[in-house]
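See structure below.
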Protein chains: 2
Amino acid sequence: MAVDRDQVLRSAAALLTRKATSTMDEVARAAGISRATLHRHFAGRDALVRALEALGIAECEAALEAARADEGPAADAVRRLVRAIEPSAGLLAFLYTENQLFEGEEQNRGWARIDAGLTELFRRGQESGEFRIDLTPVWLTEALYGLLASGAWAVAEGRVARNDFTHMIAELLLGGALRREEP
Amino acid sequence: MAVDRDQVLRSAAALLTRKATSTMDEVARAAGISRATLHRHFAGRDALVRALEALGIAECEAALEAARADEGPAADAVRRLVRAIEPSAGLLAFLYTENQLFEGEEQNRGWARIDAGLTELFRRGQESGEFRIDLTPVWLTEALYGLLASGAWAVAEGRVARNDFTHMIAELLLGGALRREEP
DNA sequence: CCTGGGTGAGACATTGCTGTCTCATTCGGG
DNA sequence: CCCGAATGAGACAGCAATGTCTCACCCAGG
């Protein structure tokens with residue numbers, strides 16, 4: 001027995017990614033447990049979302065770590081980062097939109113740290129001359145979130161191949177749609 | 001009296017953009033009318049969302065028209081389009097996330113036409129050699145939606161200046177974060 | 001001055017989800 | 001084998017939002 005809390009969280013993330021308004025009952029069924037048991041592990045929907053938020057933050061920080069965002073050319077760091085964060089993109093998309101509902105509420109301190117890490121990466125790229133300076137690091141960070149969410153949904157609906165996810169996001173973010181002049 | 005239906009729709013759009021889970025009562029108050037009157041004009045929340053969807057579609061088509069998406073260099077057309085669509089970005093963001101909930105449901109035919117128009121624009125840019133061919137037109141369309149939503153939220157939360165909206169989105173989408181080689 | 005359409009305020013039942021509780025069952029360890 | 005912890009199933013009340021209805025009001029046009 002002893003329900004695997006982490007596995008419950010992951011199936012909840014997968015379900016809520018597809019349907020953000022899923023019921024506690026649906027979440028429980030998706031995890032293969034009863035609503036009562038789900039309630040024993042997460043006091044309520046709110047607690048569940050908080051736990052998912054913590055999971056998302058942990059995965060983002062792990063990705064930031066694994067991608068060694070502060071090493072080497074910033075562009076390569078961005079590519080590594082997108083690759084590392086891909087498995088979490090669905091969860092991120094859910095949390096990203098969910099956060100739009102918290103209105104004034106102060107955001108979790110974890111997000112602030114991740115935002116800072118990303119912003120720093122883009123700032124570093126600007127200082128090294130790799131990135132253009134007319135797009136602010138804050139905007140590039142927001143754009144990355146938006147592209148991750150778009151990408152996750154596009155993949156979920158079959159409009160983009162899963163294998164292309166990393167390439168599509170990283171290359172659009174870095175190079176844009178315009179064709180580069182031949183080097 | 002005769003409540004101005006269009007004005008109600010616009011205030012609803014503005015409110016739901018900020019808080020997607022707003023109550024019918026909140027929507028009514030935001031429009032300065034009573035819930036009863038709101039109900040007389042829109043049979044229910046569902047009907048309201050449908051009407052907002054129709055409004056969003058109409059504004060998108062108008063923007064697509066006004067931007068003359070099929071004329072001149074594709075890159076310039078994209079810039080005109082982003083500029084023309086900016087006032088609707090908040091509504092678009094709301095509808096974009098709302099649509100994630102409709103799961104299987106067949107999407108409105110209007111969106112299909114707009115998607116087709118955008119995809120065609122990007123395809124045209126590829127054929128003319130302006131746009132790179134490793135990013136599919138479908139993905140560029142999705143990315144545009146995602147960036148519009150990100151941009152709208154970032155502006156709403158004060159992370160990006162409203163005046164920069166068009167530039168940030170269009171230039172990131174077209175040119176990406178990397179600095180161009182000096183021409 | 002009337003009259004009627006449009007409105008606001010509020011009551012009401014309904015619905016769907018939530019949170020809590022109970023009870024029977026099951027499974028694993030001692 | 002036996003016991004206890006964890007679970008599943010279901011009942012139950014509470015709650016928030018919805019949709020419907022009534023009634024009084026106001027104001028513009030006849």
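Below, chain A is the first sequence line, B the second, and so on; all start at residue 1.
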(Q) Does R35(A) reach a base, just sugar-phosphate, or nothing at all? Heavy atoms under 4.0 Å. (A) base
Q: Identify whether any heavy atom of R40(A) sits under 4.0 Å from a base atom; if not, whether one sits that close to sugar-phosphate; answer base, sugar-phosphate or nothing.
A: base
Q | Gap between atoms CG and P, on L38(B) and dT20(D) respectively (whole Å) | A | 13 Å
Q: Assign each of M24(A) and R29(B) to its nearest nucleotide of DNA chain C by heavy atoms, then name whichever residue's nucleotide is nearer the 5' end.
A: R29(B)
Q: Please work out whether the ring planes of F122(B) and F131(B) are parallel, tilted or perpendicular, with thresholds of 30° and 60°.
A: tilted
(Q) Can you identify which nucleotide, out of dT7(C), dT20(C), dC21(D), has its nearest atom closest to the T37(B) side chain? (A) dT7(C)
Q.
OP1 or OP2 of dG6(C) versus the side-chain N and O atoms of H41(B): is any pair under 4.0 Å?
A. no
Q.
With a 3.5 Å distance limit and no angle check, can you tell me whether S88(A) reaches the backbone of L91(A) through a side-chain donor-acceptor pair?
A. no
Q: Would you tell me if any nitrogen or oxygen in the side chain of S34(A) comes within less than 4.0 Å of OP1 or OP2 on dT7(D)?
A: no
(Q) In whole Å, I'd like the distance from the CG atom of D25(B) to the P atom of dT18(D). (A) 8 Å
Q: Please state how far atom NE2 in H39(A) lies from atom P in dG10(D), giving the value in whole angstrom units.
A: 17 Å
Q. Taking a hydrophobic cluster as the set of Ile, Leu, Val, Met, Phe, Trp and Tyr residues connected by side-chain heavy atoms closer than 4.5 Å, whether directly or through intermediates, do V138(A) and F165(B) fall within one such cluster?
A. no
Q. Taking atom C1' of dA9(C) as reference, at what distance in whole Å does atom CD1 of I33(B) sit?
A. 14 Å
Q. Counting side-chain heavy atoms from CB outward, which of dA17(D), dT18(C), dT20(D) is closest to T23(A)?
A. dT18(C)
(Q) Assess whether a salt bridge exists between E86(B) and R83(B), defined as any Lys/Arg side-chain N lying under 4.0 Å from an Asp/Glu carboxylate O. (A) no
Q) Given atom CG of D46(A) and atom C1' of dC17(C), what is their separation to the nearest angstrom? A) 14 Å
**Q.** Value in whole Å for how far the C1' atom of dG19(C) lies from CZ of F42(A)
**A.** 16 Å
(Q) Treating R5(A) as the side-chain partner and F42(A) as the backbone partner, does any N or O pair qualify as donor plus acceptor under 3.5 Å? (A) no
(Q) Can you measure E26(A) atom CD to dT18(C) atom C1' for me and round it to whole angstrom units? (A) 14 Å
Q. In whole Å, what is the span from the CZ atom of R45(A) to the C1' atom of dC15(D)?
A. 16 Å
